[in-house]
Every structure is written in structure tokens, then in C-alpha cells.
Amino acid sequence: MTLPVPEAPAAGAPAARAPIDSYAARAGVGVRRRRPGARFLLHAIVILIVVAWLVPTLGLFINSFRPAADVSGSGWWNSLFPPWNFTLDNYTHVLEQNNLGDAFINSLFITIPSTVIPIVVASFAAYAFAWMQFPFKNAIFVAIVALLVIPLQSTLIPVLRLLAGAGIAGEFLAVWLAHTGYGLPFAVFLLRNYMGGLPREVFESAAIDGASHSTAFFRLAIPMSVPVLASLAIFQFLFVWNDLLVSLIYIGPTRSENLPMTVVVSNLVSSLGGETHFLTAAAFLTMIRPLVVFLLLQRYFVRGITGGAVKG
């Protein structure tokens, strides 16, 4: 039995509907079309959520430029209308009088190595788990991922004693090693799942051409894993930058010159509890760096997270 060949439409005639529409109609399955009202409702909900998140940040930003009398006497929204009375004295005070400038540099010294080191180590480990064969590979990977369920607080005292015995407690190196250990399980899990989902044909072709594992790692795996590496960098950077407990425990009050911004700002809450205009300036200085990092890498964020979550 031969199927009839449909005639070609005449010149100027409207194009025929796609076959999938006719087949779906015959099967009784309607083709889903998004209604304009549903699209408008979705956009409205998203806009409301964005506004709800931005309003507190906007209020904090505006109050950080207002004098103490204005902050205590009226709401921040009153400053949107003239006469404006903005000043930089709040930022000058917290940077000079409360050593927030030095704490900002300390936060950079802590956060950048604590972000780079675990990503580098996890990249090598993830490639090995994804594309190399060695004894007990799956068991070791499961053991590393199982470390995610261990509460961070339960490790503070043992790790502190270990670092003190090594003579590095209170130094930047102690915090680097601590954050590397805390960040590795999630980093290995995310990178291994992503690298395991990369096209196998690419690595097989490279192996046929004589490429070693190091060549495949640096020339293939890393370039193709840029989205997940950027996503992981955002997560790790935000975790370390906003961390208070780890820096407070492993650096401690004995090396106050090495304390990051989170510890210094938390001390301002008690020493400057009534001077909220200074607290707003200090808080916004703390927020600037994570916002810049996220805005620079946000285009990779969704691709990296979704790829690392479902592949492997």
C-alpha cells in the first residue's frame, strides 16, 4: 500500500499547517498554547518578587548616605524627593574609624584563595571520577558526597586543634584550608556530574589521537566546563565572603588584624547599636563585592547548575 503524495500548494496559497498539528488533532491531543493572560500573570509575579527583594536593598543604600538625624526622623523614601541631604560621612567614618578598609582587604585575602583552591582541587578530582578508572572509584565518590551531611559546627573544635598543633591557627592559611575542606564535597559532586555528561565521543577521539589525560583535562574538559566552574565560583565566593563563624573560630580575637569584614561589622552592632547610619554604610560595603561577582558571572549560573544537577 502506497501513501498518497500531497500536492504542492499553488503559488500565493497559504502555507499548509505543520503535520504535527494535524496528527495531534486526529489523536485528540490539543497543541498547548500559552494564553496571553497567563504570560502577563507570570511576568507580574516575577516583577513583584524582584521588587520585594530590591526594596530593602534600596532602602539600605539610601540610608547609608543620610545623616543620623534624617535616618531617625523619617523613612528612607522621603529622601527620594527634594531637598536632598546626602553625605559621604558615614562611609568615611566606618572606613577610617572602625578599620573597615583593612577588614575589606582581609576579606579579599581570605575569599579569593578559599574560592580558587577548592575549585582547582575539585576539578582534578571530578575529571578522575568521570573519565578515569581506578579501584573503588564509586565508593570513594560516595564517601566524599556523604561528607555533605556532616554539620560544619561539629568539626570546629577538632580542626582548630589540628591547626593549632600545626602552628597556623590565626593565620590566613588556616581559613584557606578550612574553607577548602568544607567546600570540596559539594564542588566534587557538582563538577563530576557535569564532566560526566560531556560528549564521550570527544574524549574518545582525543584518546585515539594519542592525547593523555592531562591534555584531555586542560584542552577539553576545562573549556567545556566553564559554565559549571563559574556557578561553583559564585557559590563558594558567596559562602566564604559572608562567613562569620569559620573566620571567628580559626582566626579568633588574638589576631584581630586578620579578621574579615563580617566579624568587624558584627562588632559594630554592639559598639554602634544606636548609630544605624554607620551600620547601613558598613553593611552596604559588605554587599558590594558579592553583587559584582554575581553580576559578572550570572550568565553562566543557570547553565552550570542545571547541567551539574542532571548529568552524570
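Basis for what follows: all heavy atoms, side chains included, without hydrogens, waters or symmetry-related copies.
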To the nearest 0.5 angstrom, please state how far the [atom1] atom of [X] sits from the [atom2] atom of [Y].
| X | Y | atom1 | atom2 | answer |
| --- | --- | --- | --- | --- |
| Phe186 | Leu148 | CZ | CG | 8.0 Å |
| Thr262 | Leu248 | OG1 | CG | 8.5 Å |
| Ile110 | Leu259 | CD1 | CG | 8.0 Å |

For [range], which residue pairs pass the side-chain hydrogen bond (donor to acceptor under 3.5 Å, both in side chains) check, not counting sequence neighbours?
| range | value |
| --- | --- |
| residues 46-70 | Asn63-Arg66, Ser64-Tyr91, Arg66-Ser74, Arg66-Ser79, Asp70-Asn85 |
| residues 130-148 | none |
| residues 115-128 | Tyr127-His213 |
| residues 101-112 | none |

Does the side chain of [Y] come within less than 4.5 Å of [X]'s, by heavy atoms?
| X | Y | result |
| --- | --- | --- |
| Ile222 | Phe217 | yes |
| Arg192 | Val145 | no |
| Tyr194 | Pro227 | yes |
| Ser225 | Leu198 | yes |

Checklist line | For Trp76, all residues meeting ring pair (Phe, Tyr, Trp, His ring centres under 6.0 Å), sequence neighbours excluded | finding: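 Trp76: no ring pair (Phe, Tyr, Trp, His ring centres under 6.0 Å) contacts found.
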Do [X] and [Y] sit in the same hydrophobic cluster, where Ile, Leu, Val, Met, Phe, Trp and Tyr count as joined when their side-chain heavy atoms come under 4.5 Å apart?
| X | Y | answer |
| --- | --- | --- |
| Leu147 | Ile117 | no |
| Ile168 | Ile157 | no |
| Met195 | Val142 | no |
| Met287 | Val51 | yes |
| Ile249 | Leu162 | no |

Checklist line | Ala207: side chain to side chain contact (heavy atoms under 4.5 Å, CB included) partners, not counting sequence neighbours | finding: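 Partners of Ala207 under the side chain to side chain contact (heavy atoms under 4.5 Å, CB included) test: none.
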Item checked: Under the side chain to side chain donor-acceptor pair (under 3.5 Å) test, residues paired with Thr92 that sit two or more places apart ->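 Checked Thr92 against side chain to side chain donor-acceptor pair (under 3.5 Å); zero matches.
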Check: Can you tell which of Thr280, Asp89, Thr87, Leu88 makes a side chain to side chain contact (heavy atoms under 4.5 Å, CB included) with Phe65?
Finding: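 The passing option is Leu88.
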Looking only at non-hydrogen atoms, find the nearest pair between [X] and [Y] and report the distance.
| X | Y | result |
| --- | --- | --- |
| Phe134 | Ala128 | CE2-O, 3.5 Å |
| Val188 | Ala125 | CG2-CB, 4.2 Å |
| Leu184 | Pro118 | CD2-O, 3.5 Å |

Margin query: Show me the pairs that pass salt bridge (Lys or Arg N to Asp or Glu O under 4.0 Å) and involve residues 155-176, at least two apart or across chains.
Written below: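 Found Glu171-Arg255.
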Check: If you look only at pairs with a residue in residues 41-60, which of them pass as a salt bridge (Lys or Arg N to Asp or Glu O under 4.0 Å), with sequence neighbours excluded?
Finding: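 Qualifying pairs, neighbours excluded: none.
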Notebook entry, point to check: Is the backbone of Gly170 close enough, under 3.5 Å, to the side chain of Asn258 for a donor and an acceptor to pair up by distance?
Noted result: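 Yes, Asn258 side chain to Gly170 backbone: donor-acceptor pair under 3.5 Å.
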Show me the donor-acceptor pairs within less than 3.5 Å that the side chains of residues 173-183 make with the rest of the protein, sequence neighbours left out.
residue, atom, partner, partner atom, Å
Trp176, NE1, Phe109, O, 2.9
Thr180, OG1, Trp176, O, 2.7
Tyr182, OH, Thr155, OG1, 2.8
Tyr182, OH, Tyr250, OH, 2.7

Scan the side chains in residues 233-244 for donor-acceptor partners under 3.5 Å anywhere in the protein, sequence neighbours excluded, and list what turns up.
residue, atom, partner, partner atom, Å
Gln236, NE2, Ser114, O, 3.1
Trp241, NE1, Thr286, O, 2.7
Asn242, ND2, Leu238, O, 3.1
Asp243, OD1, Val246, N, 3.2
Asp243, OD2, Val246, N, 3.2
Asp243, OD2, Ser247, N, 3.0
Asp243, OD2, Ser247, OG, 3.4

Item checked: Contact list for residues 136-158, test ring pair (Phe, Tyr, Trp, His ring centres under 6.0 Å), sequence neighbours left out ->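 Non-adjacent pairs meeting ring pair (Phe, Tyr, Trp, His ring centres under 6.0 Å): Phe129-Phe141.
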